[in-house]
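Here is the structure we will look at, set down as structure tokens.
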2 protein chains.
Amino acid sequence: MPKTSAVLATESVRQPAKSTATRRKILDAAARTFRDKGYAATTLNDIADAAEIRAASLYYYFRSKEDLLEAVFGIGMQRVVDAVRQRSAALPANATLAQRIEVAIEAHLEMLLQQGDYTSANIRIFGQVPKSVQRKQLPLRQDYAEFWRELLETAQRSGEIRPEIDLGIMRMLIFGALNWCTEWADPKKGPVREIARQACLLVLNGIAAEGKLRKK
Amino acid sequence: MPKTSAVLATESVRQPAKSTATRRKILDAAARTFRDKGYAATTLNDIADAAEIRAASLYYYFRSKEDLLEAVFGIGMQRVVDAVRQRSAALPANATLAQRIEVAIEAHLEMLLQQGDYTSANIRIFGQVPKSVQRKQLPLRQDYAEFWRELLETAQRSGEIRPEIDLGIMRMLIFGALNWCTEWADPKKGPVREIARQACLLVLNGIAAEGKLRKK
DNA sequence: GTCTATAAGGTGATAGAC
DNA sequence: GTCTATCACCTTATAGAC
């Protein structure tokens, strides 16, 4: 059973459909507003407006603003982890580095840019949120980092990644290139596919023409 | 005359030294606090505490919280632009792409990670700040983007950058890899030089070993 | 489940003494 | 130049009617 269900489902499965729908509406509204304005600048009234209810009604579903934030964060992170893991698992066992990187980058970017605001909210505002909330998200984040760490380490051991590459630093540089897309990329103005393709070019081969390779 | 002076200097050069020093202290405090907590979550009391004055005294130097933010942003952006431009100008006219990229990446990262909180505040919280403030920063940001656009375009025309690279997308991916360093890199835990070196490896050649290059 | 009313506290900003 | 005192407003959260 995937972890997803624990995070995505409402606590009680037997709750009436209306309640579940409203809860989802609130979460959607919160994710979008947090993403756009940041956590502190978002008021419960902003969220309530977007969800078409009164601010006080939020407390029927969530104990506090922080609780709501945690729910949004959990869903957002779990979605990336699931998407990247699932698509990678679908690859043949003898898939190349290029194929594995390509699939992972594409899944990551799609979650970030197309699949709603939960993931992008998590990525964008994580650094400016109460430390207590950050701490609770660490396990899930490390889980995801671990996936990439393994992917890159295996490839370096097999000789597909050059030995002078520092995998710890490189992983964060790659995350940066991808995550920063929330700040500028607009799926309506250009296909995510093309961004993913360029990101693969960068990560695998860089931008320099052959024969003009850097010495050291 | 560099634009710097207009932004860095106090309005009136004839103001007593004490006033100028306090102003600088406030700016330093604001940059650090904005950077760490975000704009909305930072109160004027936070800044006043860090600057060792009372909140009301801030209004002797700045009209409003937003004014203070604009001042911090302006300084931060101007510093990157100046640093990158100056160091690039010091290169010989026939410098290679690798040399130019290396110098630009190093200067950018040093401003971001070593040279104080103004630049990192700008980079980190820009997306979650009132739209009116963002708009005022656009000219300076475009100025910097223009520098990179030229650098990359010249290199692609001369054949140093492969033709299948989309320079618009690639520039943003590179910015992302670099800017994201504010979220994880700690100059006390590892030299910025090493991060810059790895970033150059990534940008110029990627991570793949030769002979394992991606087909398409 | 959702609402109105309201509490309790903090926020940016101003007035005016020193 | 810096302070204390204060204002008007907005925020999260709770109480209790419906």
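Throughout, a chain's letter reflects where its sequence line sits, starting with A, and its residues are numbered from 1.
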Short side-chain N/O contact to [N] OP1/OP2 from [X], under 4.0 Å:
X       : N     : value
A/Tyr61 : C/dT2 : yes
B/Thr22 : D/dT2 : yes
A/Tyr60 : C/dT2 : no

Pairing of [X] and [Y] as salt bridge, 4.0 angstrom limit:
X        : Y        : answer
A/Asp143 : A/Arg85  : yes
B/Glu106 : B/Arg197 : no
A/Glu102 : A/Arg87  : no

Rounding to an integer number of Å, can you tell me how far [X] [atom1] sits from [N] [atom2]?
X       : N      : atom1 : atom2 : answer
B/Lys65 : C/dA13 : NZ    : P     : 8 Å
B/Leu58 : C/dT11 : CG    : C1'   : 13 Å
B/Tyr59 : C/dG16 : OH    : P     : 17 Å
B/Asp67 : C/dG12 : CG    : P     : 14 Å
A/Phe62 : C/dT2  : CZ    : C1'   : 16 Å
B/Leu68 : C/dA13 : CG    : C1'   : 14 Å
B/Lys25 : D/dG1  : NZ    : P     : 15 Å

*Among residues 29-49 of chain B, which residues get a heavy atom nearer than 4.0 Å to DNA chain C?*
B/Thr42, B/Thr43, B/Leu44
*With B/Leu167, which of B/Gln156, B/Met172, B/Arg149 fulfils side-chain contact (heavy atoms from CB on, under 4.5 Å)?*
B/Gln156
Can you name the atoms? Protein N/O to nucleotides 3-6 of chain C N/O, anything below 3.5 Å, with the distance.
unit_1 : atom_1 : unit_2  : atom_2 : d
C/dC3  : OP2    : A/Arg54 : N      : 2.7
C/dC3  : OP2    : A/Ser57 : OG     : 2.6

*Side chain of A/Ser57, backbone of A/Ile53: donor and acceptor closer than 3.5 Å?*
no
*Could you tell me whether the side chain of B/Asp46 and the main chain of B/Thr43 form a donor-acceptor pair under 3.5 Å?*
yes
*Within 45° of the axis and under 6.0 Å from the centre of the six-membered ring of A/Tyr39, does NZ or CZ of A/Lys65 qualify?*
yes
_I want to check a possible cation-pi pair here: A/Arg35 against A/Tyr118, using under 6.0 Å from ring centre and within 45° of the ring axis as the test._
no
*Minimum heavy-atom separation for B/Ala196 to B/Ile105, with atom names?*
O-CG2, 4.0 Å
